[in-house]
Amino acid sequence: MSLLFSNKNINIERTIIVISFPRSGSSWIGSILGAADETLYLREPVTTPYLLEKRVRVSVFDPEITTDHNQYYCHINKALKGNAPKLSSIYAYPKKWKKSNKGKTLIIKEVNPLVINEFQKTENKIIYLLRHPYSIAKSYSALHWKKTDLFTSKFQMSELQLIQTLCPTILNENFYFQMGYLQGWIEAKSKVTLDLQSIIIRYEDLCKAPQNSFEQLFKQLNIHYNETIKNKISQSLSADSNTAVGEFSLQRNKESVAYVKVKKADEDNYIEVMKAYSQAIADNNKQNNTEITSAYMVNCSLIKWID
């Protein structure tokens, strides 16, 4: 749905980027930050127009692999100026854009960690959101995003060859191994790229104590935390516990979102994801002589085994 309003008189004082791998909960976090009185919010103002133009479904990729990467970067530059296509999927709170004469904080939510460098060129604050690799793999599977090759469409040939040197069988591995390795590689690569001012958050930690966690995050970002925000957080955590895996929603069930549910029948898939995830981070560390630590371990308190 198209919207009608002008962005010409928008006064953006600073910009905060919420960036994550797809299916990590960044829309939820973006919607909470974007609801504050002093913020304006754009949901995927780069990914949405680019995918619509290209009629493709790959959202995580190095733009340099495309013949029209300048077009992708153009969308980034426009978004940073508060200028994006007037689509309701991008402007969650359109009324706020019609009456914003005062200086505002722009919140941009995106799902391509491989362009963190581009967002950091203009000294924007980065919030890097992580979610358990198996939860994301489950969501991809439920949405039937199970490609047999998860790498070729995402990396430049030089990086793809490097990955294949470190893990020669990667393109022959099953979906769960590839998903684990892909997420581990991107996590390690992103953590090396992030500057010291960036904030790294695990989705599950936010969900364990949402009011306290968001209050602390708002304080770090110097955004006013009030009763309106508290109520919005409470409402967002009032969803039914039977929400389907992979379903897009800004509401969730607070009794279950802080855990990673693994069916005992799916234990092999879980092990595949986590083995590959850990291997990718280790491979990336070895290649770059770094000591990046993984955000998740195979055996941790987040796991809830179910029959």
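All values reported here derive from a predicted model rather than from experimental measurement. Because only heavy atoms are used, hydrogens play no part in the values below, and waters and symmetry mates are left out as well, while side chains stay in.
Taking 4.0 Å as the cut-off between side-chain N and carboxylate O, Lys104 and Glu13 do not count as a salt-bridged pair. Between Glu187 and Lys191 there is a salt bridge, since a side-chain N of the basic residue sits under 4.0 Å from a carboxylate O of the acidic one.
Residues satisfying the ring pair (Phe, Tyr, Trp, His ring centres under 6.0 Å) criterion with Phe177, sequence neighbours excluded, are absent altogether. With sequence neighbours excluded, the residues that form a side chain to side chain contact (heavy atoms under 4.5 Å, CB included) with Ser234 are Gln211. Qualifying side chain to side chain contact (heavy atoms under 4.5 Å, CB included) partners for Ala92, counting only residues two or more places apart in sequence or in other chains: Tyr41. Residues forming a ring pair (Phe, Tyr, Trp, His ring centres under 6.0 Å) with Phe175 (at least two apart in sequence, or on another chain): none. Partners of Leu162 under the side chain to side chain contact (heavy atoms under 4.5 Å, CB included) rule, at least two apart in sequence or in another chain, are Leu166, Trp185, Gln287. Residues forming a side chain to side chain contact (heavy atoms under 4.5 Å, CB included) with His224 (at least two apart in sequence, or on another chain): Glu38, Asn226. In this view, Tyr225 and Phe218 satisfy the ring pair (Phe, Tyr, Trp, His ring centres under 6.0 Å) rule, not counting sequence neighbours. Listed by chain and residue number, Tyr270 satisfy the ring pair (Phe, Tyr, Trp, His ring centres under 6.0 Å) test with Tyr134 (two or more places apart in sequence, or in another chain). Listed by chain and residue number, Glu159 satisfy the side-chain hydrogen bond (donor to acceptor under 3.5 Å, both in side chains) test with Lys189 (two or more places apart in sequence, or in another chain). Considering only residues two or more places apart in sequence or on other chains, Thr169 meets the side-chain hydrogen bond (donor to acceptor under 3.5 Å, both in side chains) condition with Glu173.
Within the 4.5 Å cutoff, no side-chain heavy atoms of Glu215 are placed close to those of Lys219. Under the 4.5 Å side-chain criterion, counting only non-hydrogen atoms from C-beta, Tyr73 is in contact with Ile76. Two residues are said to be in side-chain contact when any heavy atoms from C-beta on lie closer than 4.5 Å; Ile201 and Asp205 fail this criterion. A 4.5 Å side-chain heavy-atom check between Ile170 and Ile163 finds at least one atom pair inside the cut-off.
Residues in residues 174-184 take part in no salt bridge (Lys or Arg N to Asp or Glu O under 4.0 Å) pair, two or more places apart or across chains.
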Next item on the list: Take Ile16 and Leu221 through the side chain to side chain contact (heavy atoms under 4.5 Å, CB included) test and state the conclusion after the steps.
Entry: CA-CA 8 Å; Ile16 297 169; Leu221 298 172; 3.9 Å; yes

For residues 262-269, run the donor-acceptor check on the side chains, cut-off 3.5 Å, and write out each pair with its distance to 0.1 Å, sequence neighbours left out.
from	atom 1	to	atom 2	distance (Å)
Lys264	NZ	Asp307	OD1	3.3

